[in-house]
Amino acid sequence: MLPEIEKLLILQDSDQKIRTLQLELNAVPDQKTTKEKAFSELTHQLDRVKTRSREIELEKQRLELEVQTKRGSIARYRQQQLQTRKNEEYSALNHEISIAENKIRTIEDHQLELMEEAEKLQPILEEAQKTYADGRTKLEAQLSGLVTRKSSLEARIRELETARTRLTEGIEEELLYQYSRLFKSKSGHAVVPVDHEVCSGCHMKVTTQTVVLVKSEKSITHCPQCGRILYMS
Ligand SMILES: [Zn+2]
C-alpha cells in the first residue's frame with residue numbers, strides 16, 4: 001500500500017471518530033429542547049387543571065353572594081308585606097318572593113354541579129401535581145446528564161484534534177487539501193477501497209485502467225465518477 005494512503009487511512013479513521021462525536025455533540029441542543037418541551041406540556045396540563053379549580057372556586061363564591069342577596073331581598077319583601085294593607089301589593093310581593101326563591105333553587109342546582117365537578121377534579125389535580133413533580137425531577141436529571149455528556153464529548157473531540165496534527169505529518173499539503181475537501185463533501189468517506197472493480201464510495205464500476213493504476217500503487221488514483229481516493233482492498 002502507498003505510504004500516503006496508509007497515512008490517510010489512519011487520519012480518516014481519526015477524523016471519522018471526530019465527525020461522529022461532533023454529530024452527537026450537535027444533537028445535544030435538540031435533545032435538550034425535546035426534553036424541555038415534553039416537560040412544558042406537563043406544566044400546561046397542571047396549569048389547566050389549576051385554572052379550572054380556581055374558576056370553580058370563584059364561581060362558587062359569586063353564586064353564594066347571589067344567594068345571600070336574593071335571601072336579603074326575600075327578607076325585605078316579607079318586611080314590606082307586614083307593613084302593607086293593600087291586598088294587591090301583598091300579592092305582588094308574594095310574586096317577587098316566589099321569583100327570588102326560584103332563582104335561589106336554580107343557583108343551588110348550579111352550586112351542586114360545581115361541587116361535583118370540584119370533587120372529580122381533586123384527584124385529577126393531585127395526579128397532575130404528582131406527574132409534574134416527577135417530570136421535574138426527571139428533567140433535572142436528564143439536563144444534568146446532557147451537560148455531562150456535552151463536556152465529555154467536547155473533551156474527547158479536543159483530545160482527538162490535538163492528536164490529529166501528528167497524524168497529518170508527512171502528508172503533502174495538496175493531497176491533504178484534496179482529502180479534507182472529499183472528507184467534508186462525501187460525509188466522512190474520502191479514501192475508499194476498490195472492491196471487485198467497484199468503487200465502494202459511489203458503488204459504480206471503475207474502468208480496468210483505473211484498477212490497474214490503483215493496483216500499481218505508484219500514485220494517488222481517484223474514482224472517475226465520485227473523485228474519492230482509491231486503494232486496493
Ligand atoms: Zn466512486
Side-chain angles (χ1 to χ4, degrees), residues 1-42 44 135 138-233:
M1 189 182 278
L2 271 171
E4 289 99 320
I5 295 283
E6 216 165 308
K7 283 195 167 99
L8 283 179
L9 283 175
I10 293 168
L11 179 64
Q12 178 168 267
D13 185 57
S14 165
D15 282 346
Q16 282 171 347
K17 278 182 192 140
I18 295 176
R19 188 174 180 273
T20 307
L21 293 169
Q22 192 61 54
L23 288 175
E24 282 178 40
L25 184 63
N26 294 348
V28 169
D30 271 353
Q31 287 167 349
K32 186 168 177 266
T33 310
T34 307
K35 312 262 182 236
E36 284 170 338
K37 223 172 170 182
F39 177 68
S40 92
E41 189 40 51
L42 297 183
H44 291 322
K138 199 173 138 193
L139 177 73
E140 275 161 11
Q142 285 170 332
L143 291 188
S144 97
L146 282 177
V147 170
T148 313
R149 185 168 162 68
K150 186 169 177 275
S151 51
S152 94
L153 284 168
E154 282 167 346
R156 185 88 187 96
I157 290 171
R158 269 198 305 276
E159 245 173 61
L160 285 166
E161 271 170 354
T162 308
R164 189 186 187 274
T165 317
R166 213 162 24 81
L167 300 181
T168 62
E169 275 167 20
I171 303 173
E172 234 181 89
E173 208 174 307
E174 177 58 28
L175 180 60
L176 192 58
Y177 174 71
Q178 281 175 10
Y179 158 82
S180 300
R181 283 192 59 169
L182 283 166
F183 187 87
K184 261 191 206 134
S185 64
K186 308 294 178 197
S187 308
H189 296 278
V191 190
V192 296
V194 176
D195 197 13
H196 295 98
E197 300 189 6
V198 168
C199 160
S200 53
C202 64
H203 307 289
M204 300 283 281
K205 202 168 159 43
V206 294
T207 56
T208 316
Q209 195 195 354
T210 307
V211 176
V212 171
L213 272 172
V214 176
K215 267 190 185 158
S216 74
E217 294 187 340
K218 284 208 176 76
S219 62
I220 297 291
T221 309
H222 293 267
C223 167
Q225 273 89 18
C226 69
R228 286 182 177 89
I229 299 164
L230 301 173
Y231 68 93
M232 277 329 276
S233 62

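In listed order, ligands and their atoms are each counted from 1. Quantities reported herein were computed from a predicted structural model and do not represent experimental measurements.
A salt bridge links R156 to E159: one of the charged nitrogens lies within less than 4.0 Å of a carboxylate oxygen. At a threshold of 4.0 Å, the pair E154-K150 counts as salt-bridged, since one of the basic side-chain nitrogens sits closer than that to a carboxylate oxygen.
In this structure, S14 OG and L160 CG are separated by 5.0 Å, a value rounded to the nearest 0.5 Å.
Each of L182, L2, L175 was scored for a side chain to side chain contact (heavy atoms under 4.5 Å, CB included) with L8, with one residue passing: L175. Exactly one residue among I229, V191, V192 makes a side chain to side chain contact (heavy atoms under 4.5 Å, CB included) with L9. That residue is V191.
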D13 vs K17, test: salt bridge (Lys or Arg N to Asp or Glu O under 4.0 Å). Steps then yes/no. CA-CA 6 Å; D13 185 57; K17 278 182 192 140; 3.4 Å; yes
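Of all protein atoms, those of element N, O or S that lie under 2.8 Å from the Zn ion (ligand 1) number 4.
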